[in-house]
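Structure first, then comments.
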Amino acid sequence: NLPYGIDIHPKDGGVWYAKLWGNCIGHIDPETLEITEYDTPVKGPRRPRFDADGILWIPAFDESALLRFDPENGEFKTYPLPTLSPGEYETPYALNVHPTTGDVWMTSNMSDRILRFIPKEERFVSYPSPTRVTWLRDLVFTEDGKVCSSSSNLPAYAIEDGVPSFICLDPGN
């Protein structure tokens, strides 16, 4: 079923994972080691991350969506990703939640963008990549507010400039 991503609940220490081809997420109770799985409403969950309030955010790689999962009540909410034109779809590869703002950041590799989802407003902001055919891997945050990722196409010459790189975006909060 290809486990693809893991995170620890910030409040109770529970272990949560995504099964990319199993189309589910799962929880391992830290005390009993009991496993509970939840079918996701869309296919392709991967690389989930918790926010500070214990909400699990999940990119849906196969269906161009962002999932919000509340472990307290077991409910999902699906947010379709913005596309550049009708009929397109995105492949959100990686996701991270900013520890201070709570904004959800995702790679949007089909259109060479980074997406920011602002949960309080339920809206997306899009940032174009400086190069084309850029496959961003994971997202990290710097102390001065930048969002960074490596571009690591295989082979590297598939990137527009032919050189793998590290990209940092200053969103100018």
Side-chain angles (χ1 to χ4, degrees), residues 1-10 15-26 28 40 42-52 55-69 78-84 88-119 123-173:
N1 288 333
L2 192 62
Y4 204 111
I6 190 170
D7 202 10
I8 307 299
H9 193 287
V15 178
W16 288 80
Y17 58 88
K19 284 186 177 178
L20 179 63
W21 293 336
N23 302 316
C24 70
I25 59 170
I28 303 170
T40 55
V42 293
K43 294 185 281 187
R46 69 179 340 152
R47 296 189 181 202
R49 295 286 181 262
F50 278 103
D51 66 20
I55 298 298
L56 189 61
W57 295 94
I58 310 157
F61 185 77
D62 293 353
E63 292 202 39
S64 190
L66 170 64
L67 294 175
R68 178 190 187 276
F69 179 74
T78 303
Y79 299 93
L81 298 183
T83 57
L84 297 176
E88 290 186 345
Y89 69 95
E90 287 296 344
T91 53
Y93 185 81
L95 174 149
N96 207 346
V97 180
H98 194 280
T100 305
T101 67
D103 291 348
V104 179
W105 291 83
M106 280 181 294
T107 63
S108 187
N109 291 334
M110 292 300 286
S111 62
D112 299 310
R113 297 181 296 160
I114 296 174
L115 297 177
R116 176 186 193 179
F117 181 73
I118 304 168
R123 76 175 173 98
F124 288 94
V125 178
S126 174
Y127 302 88
S129 171
T131 57
R132 301 296 151 247
V133 193
T134 303
W135 197 262
L136 300 176
R137 293 294 171 179
D138 214 345
L139 296 166
V140 296
F141 306 103
T142 63
E143 289 183 13
D144 63 353
K146 293 179 179 69
V147 181
C148 300
S149 182
S150 63
S151 62
S152 57
N153 297 49
L154 292 173
Y157 61 75
I159 300 172
E160 179 181 42
D161 59 5
V163 179
S165 61
F166 195 73
I167 296 171
C168 288
L169 163 71
D170 184 352
N173 294 342

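Start at 1 with the first residue, then count along the sequence.
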If I take atom [atom1] from residue [X] and atom [atom2] from residue [Y], how far apart are they, to the nearest 0.5 angstrom?
X: R46; Y: Y93; atom1: CZ; atom2: OH; value: 5.5 Å
X: L139; Y: I114; atom1: CG; atom2: CD1; value: 6.0 Å
X: F69; Y: I55; atom1: CZ; atom2: CD1; value: 9.0 Å
X: L20; Y: F61; atom1: CG; atom2: CZ; value: 7.5 Å
X: S129; Y: L136; atom1: OG; atom2: CG; value: 6.0 Å

Looking at residues at least two apart in the chain, or sitting in another chain, which of them share a side-chain contact (heavy atoms from CB on, under 4.5 Å) with [X]?
X: P119; result: W57, D103, V104, F117
X: S126; result: R113, L115
X: C168; result: K146, C148, F166
X: D7; result: R49, F50

Spell out, as yes or no, whether a donor-acceptor pair under 3.5 Å connects the side chain of [X] to the backbone of [Y].
X: T40; Y: N23; result: yes
X: D112; Y: P128; result: no
X: D51; Y: L56; result: no
X: T107; Y: P92; result: no

Kindly write out the residues that satisfy salt bridge (Lys or Arg N to Asp or Glu O under 4.0 Å) with R68, not counting sequence neighbours, or none if the list is empty.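 R68: no salt bridge (Lys or Arg N to Asp or Glu O under 4.0 Å) contacts found.
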Considering residues at least two apart in sequence or located in another chain, which fulfil the side chain to side chain donor-acceptor pair (under 3.5 Å) criterion with [X]?
X: Y17; answer: E37
X: T100; answer: none
X: Y79; answer: E122

Closest heavy-atom contact between P10 and A52?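 Nearest pair, atom of P10 first, then A52: CG-O, 4.1 Å.
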